[in-house]
Amino acid sequence: MKALTAFDLSIPDSAVRVSERRIAGLAAGFSLVLSLLAAVTDDVLNSDGMWYVYTAQVFVEEGSSAALAKFDWPFLPVLIGLLHVGTGLSYVASSYLLNAVLLAALSTGFVLLYREIGGPRVWVAAAVILLSPFLNEYRNYVIRDFGFWCFGVWAILFFVRYCRRHRSWQDALGWQLCVLAAVAFRIEGVSLAVLLPLYCCFLPRQRFSAWLRANIVFLAGILGAIALVMLDIVPLTYLRRFEYLQSFLSWSVLSGDFTGKMVVVSHHLQGIPSISDTPAFLIGGALGIFVRQTVGGLGLLGLPLAAGLWQRRLRLAEWSVLSWAMFAAAVPVVMFALRDLFLSGRYPGLLVLLLSLPAARMLDEYLPRLDWMWKKYPLRLGVIVVALSVWTVDSVMVTRHYKLFLREAGEWAEAHVPPAARLYANDDTLYFYYGRGYTREAQYADNPVLAAKPVTDAYDWLLLHVHRQDAESFQTKLAARPELRLETRFENPKGDAVYALHVEPAAAGN
């Protein structure tokens with residue numbers, strides 16, 4: 001069987017037809033609808049989202065310096081704050097709207113990139129990106145990753161065009177501006193900025209000039225930053241915020257962290273003959289985490305991708321720009337796995353999206369077989385299509401009713417507790433929905449009711465999140481504290497509850 005050549009840069013360039021642009025636009029429109037469904041069915045903002053929304057509020061009320069003090073990479077919170085000021089929407093609504101727009105732009109960029117690398121039916125790419133369980137799982141979240149994925153895909157799209165279309169200045173600027181926007185959302189974008197232009201070394205001619213043109217904005221920015229520092233316009237301490245780059249770009253930092261972990265593991269392996277294999281054990285474990293999260297993100301799309309590789313219909317090992325982009329996207333993820341021996345499910349997101357392109361290409365190849373199945377088994381195929389549609393809507397409409405009681409308790413406190421009251425809460429979600437900020441530092445261990453000392457001098461109100469396994473002991477303690485009056489209680493189906501307690505000094509003295 002002849003291998004697919006969809007990822008060859010030798011494919012003749014052709015303009016995207018109007019119908020294909022309409023499909024890309026429809027993908028963006030359907031993505032907006034799915035994001036709206038996700039937003040209206042969401043009960044409680046995710047923890048990272050609360051932090052970004054709170055930082056956005058700090059930016060609007062106190063300025064950029066205060067926002068930087070709260071969060072070192074506040075580009076998303078700043079955009080949320082600007083959108084809040086410009087539209088009048090609440091901070092939460094502004095964050096959902098911004099993420100919806102980013103996901104819509106990501107869907108369009110994915111479809112156009114699929115067409116750019118030679119995908120014959122762009123509606124297949126539109127279906128893949130809209131049905132993606134990976135994206136839909138996080139669609140109701142407020143996270144920086146959406147901006148990183150969106151501008152990462154668009155940056156790769158412009159870079160593919162740059163390498164194919166005689167290395168035009170327009171595509172070179174588009175690539176650099178998009179990758180800078182990706183870096184503004186997540187620092188991992190630096191890997192694309194540094195590694196992707198190295199592909200110019202594999203071009204047939206004008207390699208150095210192609211690399212120089214692909215980096216002209218970056219080089220100008222570096223020279224400009226040096227000039228600003230030398231002229232004392234920008235203090236050097238401000239640029240030190242970029243020291244975070246060393247956490248995954250510096251070999252010395254990475255090796256130091258790795259050595260520390262190796263010492264800890266070796267300590268627990270004392271007396272075992274395989275103690276010398278500790279480095280291989282750690283590296284293998286980190287790579288295993290990386291592979292598991294990446295394959296898990298692909299989900300069912302891993303099947304056509306594996307089939308294409310097994311049948312040698314796809315040759316991703318060739319020096320194609322898409323394969324090189326996958327490598328650039330994988331490097332920081334592997335570095336994070338080696339550094340932390342942990343990966344969040346969304347960390348390999350850009351790599352998952354890039355791998356979804358050849359998976360979509362293989363689905364495109366199997367369409368004639370689906371036509372045969374449709375003629376022979378129309379009912380079965382129809383059931384599969386309906387099931388996929390229901391699965392997509394169900395995966396988007398994710399609800400977290402088990403956390404809704406936290407939001408209800410915080411909003412109740414906002415309506416009933418005076419603003420000047422001294423309120424204590426042992427869950428940051430309660431503070432967030434009460435309107436008193438967010439710190440991302442859980443305080444479950446500190447419970448004034450379980451403490452021996454009285455709380456009448458410190459607080460006027462208590463909002464206490466009590467887990468179901470502690471409910472009985474908590475109620476026993478509460479019964480012995482006459483100065484605490486239970487105003488109301490919010491509970492979820494699992495038995496977790498929030499107790500709203502009013503501190504009464506008079507009762508304490510009796």
key: Stepwise salt bridge (charged side-chain N to carboxylate O under 4.0 Å, His left out) check, Glu137 with Arg346   = CA-CA 10 Å; Glu137 179 183 358; Arg346 63 178 187 262; over 6 Å; no

Relative to each other, are the rings of [X] and [Y] parallel, tilted or perpendicular (30° and 60° limits)?
{"X": "Phe146", "Y": "Trp149", "answer": "perpendicular"}
{"X": "Tyr199", "Y": "Trp324", "answer": "tilted"}
{"X": "Tyr91", "Y": "His84", "answer": "parallel"}
{"X": "Tyr347", "Y": "Phe336", "answer": "tilted"}

ask   = After noting the C-alpha distance and the side-chain angles of Gln176 and Phe158, does the key distance pass the side chain to side chain contact (heavy atoms under 4.5 Å, CB included) rule?
value = CA-CA 9 Å; Gln176 292 172 88; Phe158 279 113; over 6 Å; no

Write down the atom of [X], the atom of [Y], and the distance for their closest heavy-atom approach.
{"X": "Leu130", "Y": "Leu34", "value": "O-CD1, 3.8 Å"}
{"X": "Phe151", "Y": "Ala182", "value": "CB-N, 3.7 Å"}
{"X": "Tyr52", "Y": "Pro77", "value": "O-CB, 3.5 Å"}
{"X": "Val183", "Y": "Val190", "value": "CG2-N, 3.5 Å"}
{"X": "Ser94", "Y": "Ile80", "value": "CB-O, 3.9 Å"}
{"X": "Ala325", "Y": "Ile156", "value": "CB-CD1, 3.9 Å"}

Side-chain contact, heavy-atom cut-off 4.5 Å: [X] with [Y]?
{"X": "Arg161", "Y": "Leu157", "result": "yes"}
{"X": "Trp73", "Y": "Ile187", "result": "yes"}
{"X": "Leu404", "Y": "Asn492", "result": "no"}
{"X": "Ile289", "Y": "Phe342", "result": "no"}
{"X": "Leu36", "Y": "Val40", "result": "yes"}
{"X": "Trp461", "Y": "Arg422", "result": "no"}
{"X": "Met50", "Y": "Asp428", "result": "no"}
{"X": "Arg361", "Y": "Ser356", "result": "no"}

task = Say whether, by atom type as modelled, one donor and one acceptor occur between the side chain of Arg144 and the main chain of Asp48 under 3.5 angstrom.
result =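 No.
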
task = Look at the side chain of Ser191 and the backbone N and O of Glu188, then say whether any donor-acceptor pair between them is shorter than 3.5 Å.
result = no

Report the distance from atom [atom1] of [X] to atom [atom2] of [Y], rounding to the nearest 0.5 Å.
{"X": "His465", "Y": "Asp470", "atom1": "NE2", "atom2": "CG", "answer": "9.5 Å"}
{"X": "Asp145", "Y": "Ser344", "atom1": "CG", "atom2": "OG", "answer": "7.5 Å"}
{"X": "Leu103", "Y": "Ser31", "atom1": "CG", "atom2": "OG", "answer": "5.0 Å"}
{"X": "Leu180", "Y": "Leu192", "atom1": "CG", "atom2": "CG", "answer": "11.0 Å"}
{"X": "Ser132", "Y": "Leu300", "atom1": "OG", "atom2": "CG", "answer": "10.5 Å"}
{"X": "Leu338", "Y": "Ile283", "atom1": "CG", "atom2": "CD1", "answer": "6.5 Å"}

message = If you apply the rule side chain to side chain contact (heavy atoms under 4.5 Å, CB included), what do you find for Leu102 with Asn99, and how did you get there?
response = CA-CA 5 Å; Leu102 290 171; Asn99 274 356; 4.1 Å; yes

inquiry  = Test side chain to side chain contact (heavy atoms under 4.5 Å, CB included) on Tyr459 and Leu423; report intermediate values, then the result.
reply    = CA-CA 6 Å; Tyr459 308 108; Leu423 180 136; over 6 Å; no

ask   = Got a salt bridge between Lys403 and Asp43, using NZ or NE/NH1/NH2 to carboxylate O under 4.0 Å?
value = no

ask   = Do the numbers put Arg213 on top of the ring of Trp169, so that NZ or CZ is under 6.0 Å from the six-membered ring centre and no more than 45° off the axis?
value =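 The answer is yes; both the distance and angle limits are met.
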
query = Is the gap between the ring centers of Trp175 and Phe159 under 6.0 Å?
reply =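 When the ring centroids of Trp175 and Phe159 are compared, they turn out to be within the sub-6.0 Å range.
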
Check: Tyr141 ring centre within less than 6.0 Å of Tyr138 ring centre = yes

inquiry  = Restricting to salt bridge (charged side-chain N to carboxylate O under 4.0 Å, His left out), what partner residues turn up for Glu411, sequence neighbours left out?
reply    = Arg407

message = Run Leu82 and Phe59 through side chain to side chain contact (heavy atoms under 4.5 Å, CB included) and show every step you take.
response = CA-CA 9 Å; Leu82 294 176; Phe59 165 73; 4.0 Å; yes

